[in-house]
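One structure is given here, and the rest of the page talks about it.
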Amino acid sequence: MVPQALDTDILILGAGGAGLFAALHAHKAAPELSITVAVKGLLGKCGCTRMVQGGYNVALAKEDSVERHFMDTIEGGKWLPDQELAWQLVTLAVERVRELENELGCFFDRNPDGTVHQKAFAGQTFDRTVHKGDLTGIEIMNRLAEQVWARRINRLEEHRAVELIKSTDGSAIAGVLFIDMRTGDYVFVRAKAVLLATGGGPTMYRYHTPSGDKSCDGLAMALRAGLALRDMEMVQFHPTGLLAGAHTRMTGTVLEEGLRGSGGFLLGGNKERFMPAYDPKAERATRDLVSRAMFSEIRKGNTTPHGGLYISMAHLGPERVRKEFKGMVERCADCGFDLAGGLVEVVPTAHYMMGGVEFAADCTTTLRGLFVAGEDSGGVHGANRLGGNGVANSTVFGAVAGDRMAAWVRAHGAFAPPHVGKVEEAIAHCERPLSAPRGDLEAIRERLHDTMWERVGIIRDGPGLTRALAELDMLDAELEHTGIGASARAFNLSWHDWLNLKSLVGVSRVIARAAAARQDSRGAHYRDDFPDTGALDTSAYTSIRAEGEVAMKPVAFTRVRPGQSLLKHAA
Ligand SMILES: Cc1cc2nc3c(=O)[nH]c(=O)nc-3n(C[C@H](O)[C@H](O)[C@H](O)COP(=O)(O)OP(=O)(O)OC[C@H]3O[C@@H](n4cnc5c(N)ncnc54)[C@H](O)[C@@H]3O)c2cc1C
């Protein structure tokens with residue numbers, strides 16, 4: 001099958017905060033270049049940046065500082081973050097928020113004196129989360145999309161990237177192979193520089209928060225292209241996912257952290273609080289601790305009708321709850337729960353991947369011409385991401401990537417000859433489910449969800465991880481022989497489901513392998529058989545490729561060492 005061919009100077013995969021910031025910055029820096037944003041969904045309407053509720057961390061207040069934001073990020077990440085990346089995050093977040101307000105037209109909530117309102121978020125020593133009510137992501141994405149539409153930036157919507165294609169000698173990126181989901185045709189886009197910004201997305205877990213278009217495609221493509229990923233064992237679970245039964249996609253969606261922050265109680269199936277027995281901060285402990293305690297209660301069988309736990313807010317006064325958490329009250333009501341006066345069933349839910357492609361502070365990767373930004377990248381957050389640092393990460397590094405790609409293409413850009421054999425191989429692989437005997441994709445998905453939730457989730461151990469790897473190998477082999485039956489190619493959701501599962505199983509394997517290699521417990525990664533955190537001074541991160549051993553690489557403490565602080569009063 002011969003793909004249609006297109007050329008562009010800069011190709012951006014993904015249209016979240018990272019992809020759209022990259023497009024705007026590249027266009028501003030080099031308006032003469034052709035820039036194309038290719039996205040699996042509709043530009044502005046898909047991905048997780050749009051789903052951001054809480055807000056954006058940035059040190060704006062006089063009493064706050066980038067050093068304090070940096071220390072919170074490093075300590076929250078349990079000393080695993082790459083310190084240069086974290087420094088870039090906290091310093092450039094200030095510029096990006098000003099750009100969002102003053103150039104792109106976002107209106108964030110304000111104090112009566114006109115300053116930007118910043119609210120409290122867990123794990124921070126200062127209230128620095130900028131927000132627009134509890135719909136911050138919609139404000140950011142609407143304004144970004146409008147600005148992209150207003151410029152000469154090409155769009156390939158409903159185009160799914162399926163393979164990064166290298167040059168014939170393998171030394172550089174030559175372009176990307178896509179399926180045009182509207183027709184089912186293949187499209188090969190040649191590019192001088194490519195940005196990977198498909199946003200990770202741990203949707204391989206039974207309960208998860210990210211948007212349905214995210215299936216770790218970018219990470220799976222990076223692995224196939226031979227790139228190293230870091231910190232892949234670090235998957236963040238949010239404690240309060242809504243649990244409304246298997247029949248609804250509302251299950252797994254987030255009930256915001258503020259519910260616990262303002263005094264909400266978590267109850268077992270026996271309707272009694274259990275958190276005080278796990279941590280002195282009880283429900284206000286950090287996400288990892290609360291999720292772990294909840295998982296333990298679930299394992300003990302102290303569960304609700306759907307197999308989860310309850311959140312109870314009624315003791316705070318139903319009127320207050322209705323006023324302060326209007327959106328959450330409505331979301332629960334849609335699923336038949338009364339958040340203000342009754343009990344709501346909840347379960348920890350896979351939320352964010354701290355791991356991703358290893359990259360430098362200028363967003364370059366080890367493959368010439370390939371850049372990465374946002375949730376596809378690894379190293380900014382280490383073992384834990386602070387709430388509010390996710391959208392800061394995607395916008396900050398998206399902008400860096402846009403600036404850098406523009407300069408890079410001007411200085412070095414040339415189309416590299418694509419490895420045609422690899423294009424053909426990738427097409428042949430994508431075609432496989434269209435000819436293989438029809439099988440049950442839903443059953444494979446459920447087994448993947450079970451394996452990842454039970455054995456590679458919130459509490460892990462060696463034997464469980466070994467078993468998980470064997471199960472994942474089996475699922476991968478089964479998928480190869482599972483077809484979707486002969487059917488039309490246009491908008492064929494079963495076909496894309498197969499491709500989603502392929503990416504998810506491949507990336508699940510590296511999560512399990514990294515989790516097996518890390519024999520300590522840190523941040524989001526907890527091993528029942530290695531419950532202690534190793535020495536911070538000799539902290540090492542996992543680095544993994546599609547094949548071969550997992551490498552443990554020492555963290556470079558380039559700005560501050562464990563036990564020290566950048567804050568003057570703490571020195
Ligand atoms: C419910 C929820 C609430 C959140 N709240 C907060 C918060 O309050 N504060 C915070 O800081 N962070 C929050 N986050 C995290 C935050 O959303 C992410 O960190 C950030 O938005 C990721 O941005 P991104 O650009 O990397 O990816 P996304 O915004 O997810 O964009 C990824 C893009 O890639 C596209 N794509 C995927 N696969 C392909 C493919 N194969 N080909 C082409 N395109 C592809 C997608 O369609 C999408 O357009 C939240 C996340 C969720 C799910």
Side-chain angles (χ1 to χ4, degrees), residues 11-23 37-58 89 93 119 121-122 129-132 134-138 140-141 144-145 155-164 176-181 189 195-203 208-221 236 238 241-242 252-258 331 349-354 356 372-377 380-381 385-398 401 496 499-500 502-503:
L11 174 61
I12 294 168
L13 306 182
L20 295 190
F21 251 100
V37 179
V39 48
K40 205 171 173 182
L42 296 176
L43 192 144
K45 302 288 180 201
C46 55
C48 288
T49 307
R50 197 175 172 82
M51 298 168 84
V52 166
Q53 300 172 348
Y56 188 124
N57 289 347
V58 52
L89 171 80
K119 66 180 178 184
F121 243 25
T129 307
V130 170
H131 63 109
K132 166 89 174 178
D134 57 5
L135 296 175
T136 311
I138 292 180
I140 292 175
M141 282 305 290
L144 282 173
R155 307 197 299 268
L156 290 174
E157 294 176 294
E158 294 174 321
H159 276 61
R160 175 194 190 119
V162 289
E163 200 75 345
L164 303 175
V176 177
L177 179 70
F178 292 89
I179 295 174
D180 177 347
M181 299 164 78
V189 181
L195 176 68
L196 196 62
T198 67
T203 53
H208 57 254
T209 66
S211 55
D213 50 326
K214 298 223 297 192
S215 52
C216 296
D217 295 340
L219 298 177
M221 289 189 289
Q236 182 171 71
H238 194 294
L242 187 58
T253 56
V254 169
L255 294 182
E256 73 147 290
E257 198 143 277
R331 173 174 288 192
T349 178
H351 189 46
Y352 188 89
M353 299 169 80
M354 275 71 79
V372 66
E375 210 175 321
D376 271 346
S377 69
V380 179
H381 310 292
R385 172 186 68 94
L386 298 182
N389 267 2
V391 65
N393 176 30
S394 55
T395 53
V396 159
F397 287 97
H496 290 285
L499 292 163
N500 288 345
K502 241 352 240 183
S503 296

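Predicted, not measured: the structure shown is a model, and the values here were computed from it. In listed order, ligands and their atoms are each counted from 1.
Here the CE atom belonging to Met51 is positioned 5.5 Å from the OG atom belonging to Ser211, to the nearest 0.5 angstrom.
Given atom 41 (N) of ligand 1, the protein heavy atom at minimum distance is Asp217 OD2, 2.8 Å. Distance from atom 28 (P) of ligand 1 to its nearest protein heavy atom, with residue and atom name: Cys48 N, 3.4 Å. Protein heavy atom nearest atom 12 (N) of ligand 1, with residue, atom name and distance: Arg385 NH1, 3.3 Å. Residue, atom and distance of the protein heavy atom nearest to atom 53 (C) of ligand 1 are Thr209 OG1, 3.5 Å. In terms of protein heavy-atom proximity, atom 27 (O) of ligand 1 is closest to Gly199 CA, 3.4 Å. Scanning the protein for heavy atoms near atom 31 (O) of ligand 1, the closest one is Gly16 CA, 3.4 Å. Annotation: atom 43 (C) of ligand 1 to nearest protein heavy atom, Lys40 N, 3.4 Å. What sits closest to atom 51 (C) of ligand 1 on the protein, heavy atoms only, is His351 CE1, 3.6 Å.
When only modelled atom types and interatomic distance are considered, His208 and Thr203 share no side-chain donor-acceptor pair under 3.5 Å.
Within the 4.0 Å heavy-atom criterion, neither part of Tyr56 lies near ligand 1. With a 4.0 Å cut-off on non-hydrogen atoms, Val391 touches ligand 1 through its backbone as well as its side chain. Proximity of Leu13 to ligand 1, defined as any heavy-atom pair under 4.0 Å, is not found for any part of the residue. Heavy atoms of Ala197 found under 4.0 angstrom from ligand 1 belong exclusively to the backbone.
Which parts of ligand 1 touch Glu375 is read off a 4.0 Å heavy-atom cut-off, strictly below it: atoms 18 (C), 19 (O), 22 (C), 26 (O). Residue His159 has at least one heavy-atom neighbour below 4.0 Å for each of these atoms of ligand 1: 42 (N), 43 (C). Every atom of ligand 1 with a heavy atom of Tyr352 under 4.0 Å away is listed here by number and element: 19 (O).
Between Asp217 and Thr198, the closest heavy-atom pair is C-OG1, 4.4 Å.
By the 3.5 Å distance cut-off applied to N or O atoms, Gly47 is not counted among the residues near ligand 1.
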